[in-house]
Structure formats: structure tokens, C-alpha cells
Amino acid sequence: MRHSEYYMDDVLRFFQGRPPELALYEDLFRRLEEAFPDALVKVQKSQISFYGRHLFAAVSLPLRRKKDWPENSILVTFGLSYQKQSPRIAVATEPYPNRWTHHVPVSASGQIDGELLDWLREAWQFSESKGGRS
């Protein structure tokens, strides 16, 4: 996976003081790197973004936790042309017509499973098929 030369420093800064979340991210990153070796990853102020032609997924730290969310978790976000239905998806919004953003809290490595990776593959395919700019 492509990234800046400062990638690891930026990741460590992003997760500073949050070792459980860093461990979850590292597990997810390994799986994404296997599935999307040509993707680009960028560490930004509020999220870590994954790109093909366009943004297809992101990881962030939950700013507002729902009551039943675990204390230590990351939020995996992906976009599709329709609303995916699953109890694992905490929030789904449609910021633009036929552009649904889905947020999945992940609090254990076991949740980085085939189902989540299938959703991310579908998001990759959707992002690759979109016209226009990212």
C-alpha cells in the first residue's frame, strides 16, 4: 500500500495515548494491505483515509459514543451507492443522492472479519466506478 515516508510517525501521533485503538488499526491495516495493495493511505487530522481512484474507506476515533459502544474502539467508514443493512452498522447517512456513508464501530480484532472486508471490497469497487473527482 502506498503512503508517505512519515506514515508510521503520523499513525503513532494519530493514536497517541490510545494503544488498544492503535492495535485494532494495525490489524485492519494489514488486512487492507493484503486486499488493496495498490491503494493509497493518508493520515489526516480527523481520520486515516484509504483511496483507489477515490476515497473508499476511512478510520477514525469515535468522537461521540453511543451508550452501548465499548470504551476502546475505532470507527470504520465506507461508502456505497445504497444503504447496507446490518446490525453492525451503527450509522448510515446519505450525504448525496445514491452516496451512502456507513460507520461500523470495531472494538475487537475478531470484528475485522470477512463480512467487513467484503463491505470494504464493495466500497472499493463503487469508488473505482464513480466518475468525476474524488
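All values below were derived from every heavy atom in this structure, side-chain atoms included, with hydrogens, water molecules and symmetry-related copies excluded.
Under 4.0 Å is where a charged nitrogen must lie from a carboxylate oxygen, and between R99 and E94 no such pair does. Salt-bridge check for R53 with D38: failed, with every basic side-chain N at 4.0 Å or more from each acidic carboxylate O.
Judged as a salt bridge (Lys or Arg N to Asp or Glu O under 4.0 Å), and not counting sequence neighbours, R2 has no contacts. Residues forming a ring pair (Phe, Tyr, Trp, His ring centres under 6.0 Å) with Y82 (at least two apart in sequence, or on another chain): none. Evaluation of the ring pair (Phe, Tyr, Trp, His ring centres under 6.0 Å) rule for F126 yields no partner, not counting sequence neighbours. Residues that satisfy the salt bridge (Lys or Arg N to Asp or Glu O under 4.0 Å) test with D9, not counting sequence neighbours, are absent from this structure. For A58, the side chain to side chain contact (heavy atoms under 4.5 Å, CB included) partners are Q47, T77, not counting sequence neighbours. With sequence neighbours excluded, no residue satisfies ring pair (Phe, Tyr, Trp, His ring centres under 6.0 Å) with F50. By the side chain to side chain contact (heavy atoms under 4.5 Å, CB included) test, A108 is found to be paired with Q111, residues two or more places apart in sequence or in another chain being considered. The side chain to side chain contact (heavy atoms under 4.5 Å, CB included) search around L24 returns I74, V106, S109, not counting sequence neighbours. Every residue meeting the salt bridge (Lys or Arg N to Asp or Glu O under 4.0 Å) condition with E122, not counting sequence neighbours, appears here in chain and number order: K84. Annotation: salt bridge (Lys or Arg N to Asp or Glu O under 4.0 Å) contacts of E128 (sequence neighbours excluded): none. Checked against side chain to side chain contact (heavy atoms under 4.5 Å, CB included), P37 has no partners two or more places apart in sequence or in another chain.
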What verdict does the side-chain contact (heavy atoms from CB on, under 4.5 Å) test give for H3 and V11, after you've listed the backbone C-alpha separation in whole Å, the side-chain angles of each residue and the deciding distance to 0.1 Å?
CA-CA 11 Å; H3 52 72; V11 167; over 6 Å; no
Quick one: do W119 and V104 satisfy side-chain contact (heavy atoms from CB on, under 4.5 Å)? Show the steps, please.
CA-CA 11 Å; W119 295 343; V104 179; 3.9 Å; yes
Go through V41 and I48 one step at a time and tell me if the side-chain contact (heavy atoms from CB on, under 4.5 Å) criterion holds.
CA-CA 7 Å; V41 59; I48 301 174; 3.5 Å; yes
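Ring pair F36/F56: centre-to-centre distance below 6.0 Å.
Taken from CG in D27 to CZ in F29, the straight-line distance is 12.0 Å, to the nearest 0.5 Å. Interatomic distance, OG of S60 versus CZ of F14, reported as 6.5 Å (0.5 Å rounding). Put simply, CE on M1 and CG on L40 are 9.0 Å apart, with the number rounded to the nearest 0.5 Å. Interatomic distance, Q44 CD to S49 OG, rounded to the nearest 0.5 Å: 3.5 Å. Rounding to the nearest 0.5 angstrom, the gap separating the CG atom in N72 from the CG atom in L22 is 12.0 Å. Note that the CG atom of L116 and the CZ atom of R121 stand 10.0 Å from one another [nearest 0.5 Å].
A donor-acceptor pair is defined here as one N or O able to donate and one able to accept, closer than 3.5 Å; no such pair exists between the side chain of T93 and the backbone of P95.
Annotation: side chain of L32 is in contact with side chain of L28 (closest heavy-atom distance under 4.5 Å). Side-chain contact between R88 and D113 is present, with heavy atoms from C-beta onward closer than 4.5 Å.
Here the closest heavy-atom approach between residue P62 and residue S73 is recorded as CD-O, 3.3 Å.
The ring-ring contact (aromatic ring centres under 6.0 Å, His included) pairs that include a residue from residues 85-114 are F78-H102, where partners are two or more places apart or lie in different chains.
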